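Please read the structure below before turning to the comments.
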Amino acid sequence: MKPEIINSMKGYNGKAFVSDLIAGVIVGIVALPLAIAFAIASGVGPAAGIFTAIIAGFCISAFGGSRVQIGGPTGAFAVIVYGVAAQYGLSGLATATVMAGVILILLGVFKMGGLVKFIPYTIVTGFTAGIAVTIASGQLGDFFGLHPDFSTPMIILGEEYSKLPGDFLPKMIAFLRSAATVNWYSFAMAAICLAFIFIWSKFVKKIPGSIIVIIVATVASVLLSKFTSLRCDTIGTFADGSPHYAIPSIKELKPTLPDFSIKTLINLFPTAISIAVLAAIESLLSAVVADGMIGTKHDSNMELIAQGVANIASPVFGGIPATGAIARTATNIKNGGRTPVAGITHAITLLLILLFFGKYAAYIPMPALAAILINVAWNMAGFPAIKALMKGQKSDIFVFLVTFIITVFVDLTVAIEVGLGFAAFFFIKKMIDLSEIQDERSVITGGIKKDQPSENLNIPEGVLVFEIEGPLFFGTVRKFEIATERAQADCKVLVLRMRNTLYLDAGGIKALEQCKAACDRKGITIVISGIHTQPYMLIEKTGLADKLGRENIFDNITPALARATELVK
């Protein structure tokens, strides 16, 4: 294991540096409003978000196992950070984050990066959608310019609150009770900003609309407040002119050790595990997406170590939890970033912005930040993935819904625990059911027939045959990654033999789709051989059969190889 930046320096030249430099500067500019927005959504000040993007962003790029990963604060942590900061304060949050960093380093050192793949796709989709709902709902106050009155404690569902609640239901009730305070100017600005971001993304792919929105909205807000009576909340002040958030200064970027008392460590240990698990999942998912975009392979264990270093350094310098950010990583790739130098440049760019232009952040309108975060939540929710999942098995739908509901209404940690429990239960049940089916050959022959063992296969040149042994579910998805890697060889057709695959779940469907996408990029056709009833019914129901091409799905290896021969001619 060694940081990817060391591998990247082999053959590095001036042209590569210029490309990384341009990408890093663009990502740095794009990251500024997101860092501020995520920090505010987490219940902390703008300084925490900017410091996290600088410190953690540098560490993740300098020590990571991915060439193009961009790290920093993300929306996924908003729910956890808000709750911990409200209960234990910023000192407690710093302690939990450092503990999470240590856990991440241990996971990497003991080469446990692959264990993250054992978390089912349904659970990841469920809690991601739940976090998206929580983020979007939390922005309603700034979107409409609401000001709930907590001058006297507000009683909500039997609980007393002296500030905006962190839980979903009490927060929504607080917003409803303050509906009379709506600022229509704030609403108009937020709605226009949100519409602009959606429209912009349809026509411009390289530069996100968020940075354009921040600049235009800030200028418009300053001019309108100067020449008219229109006012809205900004980062620096409320609409009535009272102070809001303090603007960060470079002088604040200094180390401070968190509280490491035994009592604090024990109380925050479960939270630290939640932060570590979430950081591991999101960073490795981001790295996998990046691999698919540039055709490389990241080192998951080295990436976990880098995430650990980042989450130890970030809170020491006043930051919050950090992880790999998919949107910023994609922006980096689209703008030419190909080595960790781009990520390091992004962190330096943010530092220079803070040094020379930080004071102007006070004028950024809160409605514009709310629009940006709602757009982030929309993209984060993964509606296409949810739509595909809802066409699958009832057990997958149930696990998704349970994880989603518990994430929104209870807690992310509980959601993951309960989701894993149900996923394990359904999997064990399905394996028991399928073991009975295997003894009843009549059940199998009524559907898609089992591929019979074949001797002396005549495999034409340009065809790769890959056989999957056993069920293809969330715990065996790595087999498909290996298949995809092997498919990078000089072949035109990849034959997937599934005669021993009796079971397929949502994770397996996702793996098949990723395998197909990787093969499509290389001009490789996938042919399925010997598929059983349950897997075939699932790929039929989810529409994957049409994507693969029904003419490429066979019940036996002989016609499958005949089809492969036609394709390579």
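This structure is a prediction, so every number in the text was calculated from the model and none was measured.
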Exercise. Which of these, L34, D142, I36, sits in a side chain to side chain contact (heavy atoms under 4.5 Å, CB included) with L369?
Worked result: I36
For this session: State whether a side-chain donor-acceptor pair under 3.5 Å links S91 with D259.
Result: no
Exercise. Would you say T134's side chain and V79's backbone share a donor-acceptor pair under 3.5 angstrom?
Worked result: no
Exercise. Just wondering, do S210 and F196 contact through their side chains at under 4.5 Å, heavy atoms?
Worked result: no
Problem set entry | Donor on one side chain, acceptor on other, S61 and Q69, under 3.5 Å | no
For this session: For atom OH of Y363, decide whether the heavy atoms of other residues, nucleotides or ligands shown that lie under 6.0 angstrom number more than 12.
Result: no
Exercise. Taking S42 for the side chain and V44 for the main chain, is one N or O donor matched with an acceptor at less than 3.5 Å?
Worked result: no
Problem set entry | Nearest-0.5 Å distance, CZ of residue R338 to NZ of residue K15 | 12.0 Å
Exercise. Hey, does L278 have a side-chain heavy atom less than 4.5 Å from the side chain of T323?
Worked result: no
For this session: Using atom types as modelled and distance alone, determine if a side-chain donor or acceptor of T264 lies under 3.5 Å from a backbone N or O of F260.
Result: no
Problem set entry | T345 (side chain) donor-acceptor with V341 (main chain) under 3.5 angstrom | yes
Problem set entry | Over 12 non-hydrogen atoms of neighbours within 6.0 angstrom of CZ in F58 | no
Exercise. What's the shortest heavy-atom distance between S137 and F175, and which atoms?
Worked result: O-CE1, 3.5 Å
For this session: For the pair W184 and F187, name the ring-plane relationship: parallel under 30°, tilted 30 to 60°, perpendicular over 60°.
Result: perpendicular
For this session: Return yes if some donor-acceptor pair links the side-chain N/O of D299 with the main-chain N/O of N301 below 3.5 Å, else return no.
Result: yes
Problem set entry | Distance (rounded to the nearest 0.5 Å) between F63 CZ and I5 CD1 | 9.0 Å
Exercise. Does the side chain of Y161 come within less than 4.5 Å of P170's, by heavy atoms?
Worked result: yes
For this session: May I ask you to test the I40-M366 pair for a side-chain heavy-atom distance under 4.5 Å?
Result: yes
Exercise. Distance-only, no hydrogens or angles: does the T128 side chain make a donor-acceptor pair with backbone N or O of T125 under 3.5 Å?
Worked result: no
Exercise. Side chains of T237 and T234: do they bring a donor and an acceptor to under 3.5 Å?
Worked result: yes
Seminar exercise, completed: Residues G113 and L304: closest non-hydrogen pair is CA-CD1, 3.5 Å
For this session: Can you see which heavy atom on T339 is nearest to which on V68, and at what distance?
Result: N-CG1, 4.3 Å
Problem set entry | Exceeds 12 heavy-atom contacts within 6.0 angstrom, atom CD1 of I262 | no
Exercise. Is a side-chain N or O of S19 found less than 3.5 angstrom from the main chain of G336, in a donor-acceptor match?
Worked result: yes
Exercise. What distance separates I364 CD1 from I235 CD1, expressed to the nearest 0.5 Å?
Worked result: 4.0 Å
Exercise. Which atom names give the shortest non-hydrogen contact between A129 and I386, and what distance separates them?
Worked result: CB-CD1, 3.9 Å
For this session: Take F144 and T181 through the side-chain contact (heavy atoms from CB on, under 4.5 Å) test and state the conclusion after the steps.
Result: CA-CA 9 Å; F144 289 94; T181 66; over 6 Å; no
Exercise. Should T74 and R328 count as side-chain neighbours, where that means a heavy-atom distance under 4.5 Å?
Worked result: yes
For this session: Apply side-chain contact (heavy atoms from CB on, under 4.5 Å) to the pair E252 and F51, showing each step before the final yes or no.
Result: CA-CA 9 Å; E252 299 176 40; F51 293 165; 3.8 Å; yes
Problem set entry | Aromatic contact, W378 with F383 (centres under 6.0 Å) | yes
Problem set entry | Any M154 side-chain heavy atom under 4.5 Å of I173 side chain | no
Exercise. Under 3.5 Å, is there a donor-acceptor pair between the side chain of N311 and the main chain of A322?
Worked result: yes
Exercise. CD1 of I119 to CG of L284: how many Å apart, nearest 0.5 Å?
Worked result: 9.5 Å
Exercise. For the side chain of E303 and the backbone of G64, is there at least one donor-acceptor N/O pair under 3.5 Å apart?
Worked result: no
Exercise. Once you round to the nearest 0.5 Å, how far does CG of L352 lie from CD1 of I348?
Worked result: 7.5 Å
For this session: Say whether, by atom type as modelled, one donor and one acceptor occur between the side chain of D233 and the main chain of P365 under 3.5 angstrom.
Result: no
Exercise. In this structure, are over 12 heavy atoms from other groups packed under 6.0 Å from F238 atom CZ?
Worked result: yes
For this session: Could you tell me which non-hydrogen atom of I320 sits nearest to which non-hydrogen atom of A48, and how far apart they are?
Result: CG2-CB, 4.0 Å
Problem set entry | Within-4.5 Å side-chain heavy-atom neighbours: I305 and V109 | yes
For this session: Considering non-hydrogen atoms only, spot the tightest contact between I60 and G71 and give its length.
Result: CD1-CA, 3.6 Å
Exercise. Is the NZ or CZ atom of K171 both under 6.0 Å from the centre of the six-membered ring of Y82 and within 45° of that ring's axis?
Worked result: yes
Exercise. Given the rule in the side-chain contact (heavy atoms from CB on, under 4.5 Å) test, do L253 and L351 qualify, once you have shown the distances and angles that lead to the verdict?
Worked result: CA-CA 10 Å; L253 193 58; L351 182 63; 4.0 Å; yes
Problem set entry | Note, Y88 side chain near L93 side chain (heavy atom, < 4.5 Å) | no
Problem set entry | Y12 atom OH, neighbour heavy-atom count above 12 within 6.0 Å | yes
Exercise. Under 6.0 Å between the ring centres of F409 and F168?
Worked result: yes
Seminar exercise, completed: When rounded to the nearest 0.5 Å, the distance separating CZ of F110 from CG of L107 is 10.0 Å
For this session: In sequence, state the C-alpha distance, the side-chain angles, and the governing distance for I105 and I312, and then conclude on side-chain contact (heavy atoms from CB on, under 4.5 Å).
Result: CA-CA 10 Å; I105 289 177; I312 291 174; 3.7 Å; yes
